[in-house]
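Below is one structure; the comments refer to it alone.
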Amino acid sequence: MMFAEELLDTLRQARHVVVFTGAGVSAESGIPTFRDRLDGLWSRLPPATLATTAAFRADPSLVWGWYQWRRTLVHRAQPNPAHRAIAELAGMVPQLTLITQNVDDLHERAGSQDVIHLHGQLERPRCFTCGREPGSPLPAPDEPQAGRHVIPPACEHCGGPLRPGVVWFGESLPADALSQAFHAAEQCDLLISVGTSGVVYPAAEIPQVAWRMRATVLHVNPQPGPLHGEREFALASAAGVALPALLDAAFAG
Ligand code: APR
């Protein structure tokens, strides 16, 4: 792969790099994205039937079962070269902030630390009634099939049903995660956006904030969207190929 010298120099000289990821960074681990034409999760299951408070209230077992199925996919998956390159990059630049829209733990399993999860985490359920989290981690999912009903566990504090620890449509994002993410986007020299369609706000605003604050923005996506022009680049490639190649070109030479 060829990279613009301006991009490589910006990466080499960056004081603070932000990496902002979406479902595409986990695609090569076998985790379906949401909006990819062929296997996107939302192409088969409209989000409103599963990823809303109303959906959970209407049928807690269907929603809990669906998220247990997604936990199964993540448990079976391994971090891919993109996750690993992002973890390695943290040791190559003075400061790296990793912000993800993903609810899986593949960044952590690849070695990334202090990951900012804007949309919550599959492994952090909480009580639908009292909001408290269980005192111990969930057991590994017992391989439910997509769409199978699984009764959610009862809260150990109040007996209410546990709900997935993810942000549903219509819900607010965790305020501290969001403010940390916007602060990093405002301060960084380079923002690398990996595997996101950029259609869900407020998360989708983050690369735009970085660009407006004079940072360079790089989009890594086989189907990149439109670019502003100056200080913005796109690698129309799978993240598992592009990111290791980018680190080699910038730092291995
Ligand atoms: N490498 C890089 N990008 C990829 C790869 C890959 N191997 N495979 C697919 N992509 C790109 C697709 O081209 C697409 O632009 O990843 C993007 C995935 O987009 P979405 O499925 O919309 O996922 P995302 O952007 O993370 O969605 C944002 O929407 O449904 C909500 O809460 C959910 O966090 C999610 C949010």
Side-chain angles (χ1 to χ4, degrees), residues 1 18-53 55-56 63 66-67 69-71 73-74 77-86 89 98-107 110 115-124 146 163-174 177-178 181 191-208 217-227 232-247:
M1 288 184 79
V18 165
V19 178
F20 173 67
T21 65
V25 79
S26 298
E28 291 157 90
S29 298
I31 308 289
T33 61
F34 294 95
R35 295 173 183 83
D36 275 338
R37 276 185 305 285
L38 298 180
D39 66 353
L41 286 172
W42 296 148
S43 62
R44 291 197 301 270
L45 300 155
T49 63
L50 288 163
T52 62
T53 311
F56 185 82
V63 174
W66 187 64
Y67 281 93
W69 167 69
R70 290 180 59 192
R71 280 187 72 219
L73 296 182
V74 174
Q78 292 302 321
N80 67 58
H83 295 108
R84 289 198 292 274
I86 292 166
L89 181 59
L98 176 52
I99 305 164
T100 188
Q101 301 170 90
N102 300 340
V103 295
D104 64 51
D105 60 354
L106 292 173
H107 280 306
V115 182
I116 298 174
H117 283 272
L118 291 179
H119 293 164
Q121 295 174 255
L122 284 173
E123 295 308 314
R124 298 279 304 271
R163 55 157 286 174
V166 306
V167 176
W168 281 330
F169 290 96
E171 291 187 317
S172 304
L173 278 62
L178 197 56
L191 183 140
I192 306 175
S193 171
V194 186
T196 183
S197 57
V199 296
V200 174
Y201 285 81
E205 180 78 22
I206 287 168
Q208 299 164 29
V217 176
L218 167 64
H219 301 273
V220 179
N221 189 326
Q223 291 149 2
L227 301 181
E232 196 165 21
F233 298 86
L235 296 178
S237 163
V241 174
L243 289 177
L246 175 68
L247 268 56

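Note that the structure is a prediction, hence the values are computed from the model and not measured. For ligands, and for the atoms within them, numbers begin at 1 and follow the listed sequence. Values below: every heavy atom of this structure, side chains too, minus hydrogens, waters and symmetry copies.
- Which of Gln101, Arg35, Gln223 comes nearest to atom 29 (O) of ligand 1 through a heavy atom is settled by distance: it is Arg35.
- Residue-to-ligand polar distances keep Asn102 apart from ligand 1: every N/O pair is separated by 3.5 Å or more.
- Put simply, the side chain of Val220 does not reach to within 4.5 Å of the side chain of Ser237, judged on heavy atoms.
- The heavy atom nearest to atom 15 (O) of ligand 1, out of those in Asn221, Leu243, Asn80, is found in Asn221.
- Annotation: Ala239 places an N or O atom under 3.5 Å from an N or O atom of ligand 1; distance criterion only.
- Nearest heavy-atom pair, Ala239 versus Val194, reported as atom, atom and distance to 0.1 Å: CB-CG1, 3.5 Å.
- In His119, the part holding a heavy atom less than 4.0 Å from any atom of ligand 1 is the side chain.
- A salt bridge does not link Glu123 to Arg70: none of the charged nitrogens lies less than 4.0 Å from a carboxylate oxygen.
- Under 3.5 Å, the side chains of Gln101 and Thr21 contain no donor-acceptor pair of N or O atoms.
- Both the backbone and the side chain of Thr196 come within 4.0 Å of ligand 1, counting heavy atoms alone.
- Of all the listed residues (Gly240, Gly22, Ser197), Ser197 holds the heavy atom that lies closest to atom 20 (P) of ligand 1.
- Only the side chain of Phe169 comes within contact range of ligand 1, with a heavy atom under 4.0 Å; no backbone atom does.
- For the pair Arg163 and Trp168, the cation-pi criterion (under 6.0 Å, within 45° of the ring axis) is fulfilled.
- Taking any N or O of Ser237, backbone or side chain, none lies under 3.5 Å from an N or O belonging to ligand 1.
- Looking at Val217, Ile192, Leu191 one by one, the single match for side chain to side chain contact (heavy atoms under 4.5 Å, CB included) with Val18 turns out to be Leu191.
- The aromatic rings of His83 and His107 stand perpendicular to each other, their planes meeting at an angle above 60°, with 30° marking the opposite boundary.
- Close N/O approach between Ala238 and ligand 1 is not found [any backbone or side-chain N/O within under 3.5 Å].
- Taking every heavy atom of Glu28 and a limit of under 4.0 angstrom, the matching atoms of ligand 1 come to 1 (N), 6 (C), 7 (N).
- Residues Asp105 and Leu122 fail the side-chain proximity criterion, which asks for heavy atoms closer than 4.5 Å.
- Taking any N or O of Val25, backbone or side chain, none lies under 3.5 Å from an N or O belonging to ligand 1.
- Counting heavy atoms from C-beta on, the side chains of Val63 and Thr49 never come closer than 4.5 Å.
- Here is the list of ligand 1 atoms found below 4.0 Å of a heavy atom in Ala27: 8 (N).
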